[in-house]
J.: 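Handing you this structure, nothing more for now.
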Amino acid sequence: MARIGVFVCHCGENISATVDCGKVKDAIGDLKHVAFSTEYKYMCSDPGQTLIKDAIKEHNLTGVVVSACSPRMHEPTFRKACAEGGLNPYLCEMANLREHCSWVHDKNELTTEKAIDIVRTQVEKVKLNSSLQPIRVPVTKTSLVIGGGIAGIQSALDIANTGHKVVMVERSPSIGGHMSQLSETFPTLDCSQCILTPRMVEVAQHPNITLYTYAEVESVEGFIGNFKVKIRKKAKSLDEKACTGCGLCTTKCPQKKIPNEFEQGMGMRPAIYVPFPQAVPNRPVIDREHCTYYIKGKCKICEIVCPTKAIRFDQPDEILELEIGAIVVATGFDIKHADFFPEYGYGKYKDVIDGLQFERLASASGPTAGVIKRPSDGEIPKNIVFIACAGSRDPAKGIAYCSKICCMYTAKHAMLYKHKVHEGKAHVFYMDIRSGGKNYDEFVRRAIEEDYVNYIRGRVSTVYERDGKLIVKGVDTLLGAQPVEIVADMVVLATAGVANSGAEDLAQKLHVSYDSHKFFAEAHPKLKPVETNTAGIFLAGACQNPKDIPDAVSQASGAAVKVAALFSQSELTREPLVAVVNRMAPPLYSTCVACGMCKPVCPYQAIELEEFKNREGKVVKKAAKINEGLCQGCGTCVAICRSKSIDLYGYSNDQVYAEVVALLNEY
Amino acid sequence: MSHTEHHTERNSLAYTIEKNVEVRAQKCYQCGKCSAGCPVADEMDLPPSMVMRLLQTELAENDDKILRSHSIWLCVTCEMCLSRCPYEIDIPSMMDFLRQKSRSEKKVNKKARNIIAFHKSFLNSIRFTGRLYELGLIIDYKRQSLNMTQDVSLAPRMISRGKLHFIPDMIKDKAHIARIFKKTSK
Amino acid sequence: MPEYLKKPVNKSSYMKIGIYPGCSLTGSSRDYNESVFALAEAFNIELVQIPDWNCCGATAAHNLNKDLSLALPARILALAEKHGLDEIVVPCAACYSRLVVTQNELKKDPELKNRISEVIEMDYRGTSRISNVIEWIDKYIIPELDGKIVNQFNHKVACYYGCLLVRPNKVLNYDRAEDPQTMDIVMSKLGASPVDYPYKTECCGAGFSVSRTDIVSKLSGKIIEDAEHRGAEAIVVACPMCHSNLDMRRSDINKYWKTEYKIPVIFVTQAIGLAIGLPAKKVGLKRHFVEVKIS
């Protein structure tokens with residue numbers, strides 16, 4: 001015999017201003033099976049919750065309907081209150097009188113009638129609720145960090161320091177990411193590699209971290225706490241244990257003219273190479289696409305000179321299978337390069353470079369040993385123009401967003417140039433200056449006030465080359481849009497930050513959402529910046545959107561703590577509101593005919609076919625089975641099942657039907 | 001009801017432009033790329049980005065300034081501004097509209113007299129013959145600009161190269177052209 | 001090149017396509033007209049002038065009267081449709097621009113299309129395929145060029161496109177707005193070496209030839225100076241207005257800049273004509289103001 005308790009909340013004035021709560025309470029109180037009906041100003045408050053607990057005991061309630069705000073707000077609150085009152089929490093429902101009623105209508109009789117109808121449907125529904133228990137899932141306490149840049153490094157170290165195991169996968173031969181390419185960082189002008197390399201070494205030496213470089217994620221299956229990840233270790237053509245990192249092979253390689261990715265094409269490297277001197281691990285790899293041996297079958301000089309015979313030309317790629325509990329995606333970003341800009345020369349002009357290329361020129365370990373030189377003729381530029389917002393905030397070029405870091409690094413570049421070339425002149429064409437960080441604006445002012453960098457407000461219409469110089473045609477909008485023409489020796493474009501190559505593929509492998517710019521999507525833009533919509537997968541760093549190092553590090557630590565929280569439990573509990581394919585005694589086993597239509601429509605890959613075997617081991621029946629660890633209760637399979645063999649706990653066919661019938665009937 | 005009804009001054013030039021040419025001045029964030037690439041910006045009293053800014057203020061005195069400017073007539077209609085604008089704002093169409101509005105409100109800048117005189121002579125020429133009669137155009141222009149000596153040295157050289165015809169090239173259905181002119185005149 | 005122009009060309013019989021010469025070609029840019037027809041003859045193409053075509057209105061119409069600026073080109077296109085000329089070549093870049101822009105405007109707005117149809121008292125369907133001179137060359141002449149070249153055009157040239165061949169790019173859908181290459185490619189096929197030329201789409205001063213000759217002198221002068229500076233021996237154009245400003249106005253330009261620019265300006269059709277062995281007179285080279293000492 002159902003005994004339902006109904007609690008009508010005023011929500012301050014949010015509900016009571018348009019809905020007559022007293023009338024609702026009375027109307028519902030008169031219904032059959034409603035044992036108790038009351039109203040209160042703030043149900044979510046402590047006294048409000050106590051009201052529920054007391055009523056459960058006093059009136060022996062078998063179900064509770066809290067008529068208040070959206071369940072997205074307080075469902076957990078009221079479920080907990082019921083549990084504390086001695087009622088199974090899944091016997092509690094909420095009727096949304098606020099977002100669905102009082103907030104969208106004016107005060108009149110019809111609104112109150114609608115409110116009554118809403119409560120009625122929930123009363124009918126809750127009568128059919130069943131007592132459910134949360135689902136328990138085991139957790140593998142090893143995490144995977146994809147990406148070895150500063151965000152990945154920070155995350156890995158934080159997780160490892162909580163005592164849990166970390167596997168880090170980085171696709172280039174060394175960790176370090178873009179931060180290792182920078183010369184100095186804002187706002188302190190710290191030497192980038194100096195502050196980064198200790199962390200890199202820590203990662204390599206940490207007992208809890210297993211590092212795989214020159215490796216990529218091949219496939220990901222499973223669910224939170226229980227991922228099965230395949231990693232492809234690309235063949236380095238090297239026995240890593242035998243190699244001592246002496247570097248002799250890299251000096252003897254005859255192929256010396258391969259554009260160096262680390263130097264952003266400003267320098268060359270051999271076919272067997274270490275990306276940079278402080279690389280971790282400091283072991284070379286052979287670039288098989290450019291190595292003479294792999295192209296023509298000749299050479300093998302590196303093998304000959306290697307003192308420990310560490311070269312292995314026939315080494316294959318290796319596939320590792322790992323059991324992982326949580327994944328942190330820290331794959332970083334890239335920037336647009338000069339060839340993206342038609343009006344700045346389509347990459348034709350050697351002296352029009354992008355920000356990363358300038359970093360390499362400025363870096364002491366770069367191709368010019370830190371001397372700013374023109375790529376065309378090696379001369380030191382006397383007049384340099386920096387163009388901010390190159391590509392960003394430009395819907396015509398498809399990038400409407402602001403890349404956040406360029407204003408700061410442009411000021412930094414201008415200052416670095418002035419510090420190295422005292423008699424040189426630096427000009428910056430800008431639209432706005434976005435320097436909202438600690439000591440950031442002071443940093444930009446320093447460039448203008450102390451280093452005499454000429455800031456011109458306006459954009460550059462075109463850059464072209466004449467007699468070895470670059471003619472920059474811009475405008476000064478603060479002078480009434482007066483055209484400004486500068487004859488420059490070098491132009492540095494602060495290009496837009498974009499998603500890293502392969503981001504889309506990785507997102508699809510992980511089943512993580514991404515936006516139209518291929519940046520990974522966070523679960524909630526304000527309150528869940530490090531989680532994704534896929535349980536167990538977290539984000540850190542610029543793969544989510546362009547950001548500076550402090551933000552990347554903060555976010556990385558945030559992701560790490562989410563992983564640690566996950567691993568702090570021996571088991572995970574999940575909401576039991578999942579779909580279930582019916583089962584019954586043999587020989588029927590299930591009304592499911594194994595048509596398999598539910599399998600591809602499930603967005604969470606939660607459905608498989610189960611085989612039932614008889615005593616001889618022969619398969620006598622196949623039926624769909626839903627993995628309750630993965631199911632999110634969306635109901636798509638329920639809708640598509642032709643034999644109506646699937647139902648959803650918490651939103652069963654009967655329950656929904658009862659709600660509809662309640663609405664259609666007069667009471 | 002579009003949001004323009006709520007937020008824009010209904011009697012501003014910006015609103016009129018939005019209704020007629022579908023160009024929204026609000027989109028412009030004053031980057032100045034149009035002015036930077038405009039070939040005649042240094043001759044203009046108001047480079048194109050300044051015209052956009054004045055439109056954005058929606059003040060009657062600024063609207064007036066625009067219509068009375070020399071800039072709108074100095075525009076060579078090369079379309080470079082639209083080509084470079086990050087928001088793809090159709091400045092050329094807007095300029096055409098401003099020119100026509102400037103004339104209809106009789107606010108034409110005196111310095112633009114010759115430019116307009118040329119356009120008018122051009123149209124007058126084709127109104128009656130259907131095709132441009134260059135000699136007729138020059139004569140009519142001189143009448144309007146009162147500059148009799150201009151290009152006097154050019155004429156003989158054009159004639160000797162067969163580039164100047166004395167007899168106009170007329171189409172058969174001249175009346176049709178005349179009717180088109182009549183129907184489109186304001 | 002727009003997809004619809006890429007259909008296979010019938011090589012057997014002569015080709016017959018429509019042409020809209022425009023007032024410049026029949027007036028002061030007679031040389032251009034002569035070169036276009038000379039090429040057509042050499043390549044067995046019959047160019048049929050749209051009967052009773054009128055002036056497109058050029059810059060004057062769209063500056064002063066929007067409806068007129070749409071009606072005049074609409075009449076031209078309606079006439080082409082009426083006479084079954086569904087493909088028309090428009091050698092003048094300004095006329096080409098007006099026709100394509102008009103076609104586009106009327107396609108976007110059916111109400112406007114009906115209104116303009118009423119104004120011109122003609123049936124307008126907007127089905128014409130309009131190509132500029134370089135598209136015409138690419139489609140009909142380049143494929144047949146093999147074996148026809150008699151004099152390799154061994155010169156450094158600056159290909160000057162002007163404004164209206166490539167802008168507004170999204171409407172014309174032709175080449176790319178920055179550093180276009182189609183004319184450069186045509187010239188390369190003749191054996192020429194096009195220089196890297198940043199002024200190739202900068203305005204020459206357009207319709208201000210008479211009313212503001214000073215502006216034309218200033219802008220055209222910059223174009224010429226840059227071409228000479230880069231060692232070009234000729235400027236190649238595909239627009240009669242550009243040609244007129246760069247060639248006919250040379251003495252004004254020289255006076256303005258106080259110098260003597262000597263570089264000749266030739267039409268791309270003239271360059272092809274010379275390459276295939278047509279005499280200079282036939283392609284109208286004798287009508288230029290700046291002497292063309294190029295073979």
Side-chain angles (χ1 to χ4, degrees), chain B residues 39-40 43 73-80 82-84 88 90 92-93 95-97 99-100 103 114-123 125-126 129-134 137-138 141 145 150-151 153-154 157-158 161-165 169 171-173 176-177 179-181 183-186, chain C residues 22-24 26-31 51-55 57-72 75 97 118-121 162-164 166-170 177-178 201-208 210-213 215 218-219 222 248-249 251-252 286-289:
Chain B
V40 284
E43 308 265 342
W73 295 104
L74 278 175
C75 164
V76 283
T77 66
C78 72
E79 306 247 347
M80 187 63 101
L82 168 59
S83 182
R84 302 242 162 101
E88 293 174 310
D90 196 347
S93 298
M95 283 289 179
D96 271 345
F97 181 83
R99 286 185 274 262
Q100 287 155 34
R103 282 188 82 212
N114 281 356
I115 295 173
I116 297 171
F118 183 83
H119 291 321
K120 277 163 74 175
S121 304
F122 190 103
L123 292 181
S125 168
I126 63 178
T129 58
R131 295 183 192 167
L132 184 64
Y133 174 38
E134 276 157 355
L137 159 65
I138 300 293
Y141 173 72
S145 69
Q150 182 174 348
D151 294 334
S153 61
L154 201 55
R157 284 185 285 161
M158 283 179 77
R161 286 164 173 78
K163 290 192 167 204
L164 199 57
H165 302 292
D169 190 8
I171 68 171
K172 294 196 200 78
D173 199 354
H176 189 194
I177 302 294
R179 283 198 305 277
I180 291 177
F181 267 82
K183 283 194 194 176
T184 55
S185 68
K186 294 187 193 20
Chain C
C23 309
S24 324
T26 50
S28 57
S29 288
R30 224 174 125 170
D31 32 16
D52 219 31
W53 58 265
N54 55 284
C55 174
T59 331
H62 77 77
N63 263 307
L64 298 188
N65 185 334
K66 179 159 183 192
D67 284 348
L68 183 64
S69 75
L70 293 172
L72 292 171
R75 179 179 182 271
S97 173
E118 272 178 35
V119 167
I120 62 172
E121 300 156 8
C163 312
L164 302 176
V166 296
R167 297 192 291 267
N169 198 251
K170 297 235 163 104
E178 303 287 345
T201 54
E202 294 290 324
C203 188
C204 61
F208 283 175
V210 175
S211 52
R212 286 296 300 261
T213 319
I215 290 182
K218 180 165 149 196
L219 299 179
K222 287 191 199 173
M248 196 164 80
R249 285 286 173 201
S251 52
D252 291 286
K286 302 288 183 191
R287 298 195 195 273
H288 289 200
F289 276 68

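Order of the sequence lines fixes the chain letters, A, B, ..., with proteins taken first and strands second; residue numbering starts at 1 for each chain.
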J.: Does some side-chain heavy atom of C:Cys163 sit less than 4.5 Å from a side-chain heavy atom of B:Glu79?
T.: no
J.: Need one label for B:Glu134: side chain, backbone, both or neither, based on atoms under 4.5 Å from any heavy atom in chain C.
T.: side chain
J.: Select one option (side chain, backbone, both, neither) describing which atoms of B:Ile115 are under 4.5 Å from chain C's heavy atoms.
T.: both
J.: Between B:Asp96 and C:Asn63, is any pair of side-chain heavy atoms under 4.5 Å apart?
T.: yes
J.: Tell me, for C:Leu64 versus chain B, whether the close heavy atoms (under 4.5 Å) come from the side chain, the backbone, both or neither.
T.: both
J.: Could you look at B:Ser185 and say if it's the side chain, the backbone, both or neither that has a heavy atom under 4.5 Å from chain C?
T.: backbone
J.: Could you tell me which residues satisfy ring pair (Phe, Tyr, Trp, His ring centres under 6.0 Å) with C:His288, sequence neighbours excluded, listed by chain and number?
T.: C:His243
J.: Is there a donor-acceptor contact under 3.5 Å from the side chain of C:Arg30 to the main chain of B:Leu164?
T.: no
J.: Under 4.5 Å from any heavy atom of chain C, what part of B:Ile177 do you find: side chain, backbone, both or neither?
T.: side chain
J.: Quick check: do C:Leu72 and B:Ile126 have side-chain heavy atoms less than 4.5 Å from each other?
T.: yes
J.: Given that the side chain runs from C-beta out, which part of C:Asp52 has a heavy atom under 4.5 Å from chain B: side chain, backbone, both or neither?
T.: both
J.: Taking side chain to side chain contact (heavy atoms under 4.5 Å, CB included) as the criterion, tell me which of C:Ile120, C:Leu68, C:Asp67, C:Val119 meets it with B:Lys183.
T.: C:Val119
J.: Contact part of C:Glu178 toward chain B, heavy-atom cut-off under 4.5 Å: side chain, backbone, both or neither?
T.: side chain
J.: Check whether B:Asp169 gets within reach of chain C through its side chain, its backbone, both or neither, counting any heavy atom under 4.5 Å.
T.: side chain
J.: Heavy-atom pairs under 4.5 Å with chain B: which of C:Glu121, C:Lys222, C:Lys66, C:Glu202 has the most?
T.: C:Glu121
J.: Tell me, please, whether C:Phe289 has B:Arg157 positioned over its six-membered ring: NZ or CZ under 6.0 Å from the ring centre and within 45 degrees of its axis?
T.: no
J.: At a 4.5 Å cut-off on heavy atoms, which part of B:Ile138 comes close to chain C: side chain, backbone, both, or neither?
T.: side chain
J.: Judged by atom type as modelled, is there a donor-acceptor pair below 3.5 Å linking the side chain of B:His119 to the main-chain atoms of C:His62?
T.: no
J.: Looking only at heavy atoms, which two atoms of B:Val76 and C:Ala206 are closest? And how far apart?
T.: O-CB, 3.9 Å
J.: Applying salt bridge (charged side-chain N to carboxylate O under 4.0 Å, His left out), name anything that partners C:Lys170, two or more places apart in sequence or on another chain.
T.: B:Glu88
J.: Could you go step by step and tell me if C:Arg212 and B:Leu74 meet the side chain to side chain contact (heavy atoms under 4.5 Å, CB included) rule?
T.: CA-CA 9 Å; C:Arg212 286 296 300 261; B:Leu74 278 175; 3.5 Å; yes
J.: Is it the backbone or the side chain of B:Arg103 that comes under 4.5 Å from a heavy atom of chain C, or both, or neither?
T.: side chain
J.: Can you tell me which portion of C:Thr213 sits under 4.5 Å from chain B's heavy atoms? Options are side chain, backbone, both or neither.
T.: side chain
J.: Which atoms of C:Ser251 come close to chain B, meaning under 4.5 Å heavy atom to heavy atom: side chain ones, backbone ones, both, or neither?
T.: side chain
J.: Which atoms of B:Thr77 are under 4.5 Å from chain C, going by heavy atoms: the side chain, the backbone, both sets, or neither?
T.: both
J.: Taking C-beta and beyond as the side chain, do C:Cys203 and B:Met80 meet within less than 4.5 Å on heavy atoms?
T.: no
J.: Give, as side chain, backbone, both or neither, the part of C:Ala177 having an atom under 4.5 angstrom from any heavy atom of chain B.
T.: side chain
J.: Taking all non-hydrogen atoms of both residues, which atom of B:Cys75 and which atom of C:Phe208 are closest, and how far apart?
T.: O-CZ, 3.9 Å
J.: Heavy-atom distances under 4.5 Å only: say whether B:Val40 touches chain C with side chain, backbone, both or neither.
T.: side chain
J.: Got B:Tyr141 and C:Val210 here, is their nearest side-chain heavy-atom distance under 4.5 Å?
T.: yes
J.: Does atom NZ (C:Lys218) have a neighbourhood of more than 12 heavy atoms from anything else shown, all under 6.0 Å?
T.: yes
J.: Based on non-hydrogen pairs under 4.5 Å, which of C:Cys55, C:Ser28, C:Cys23, C:Ser97 is most in contact with chain B?
T.: C:Ser28
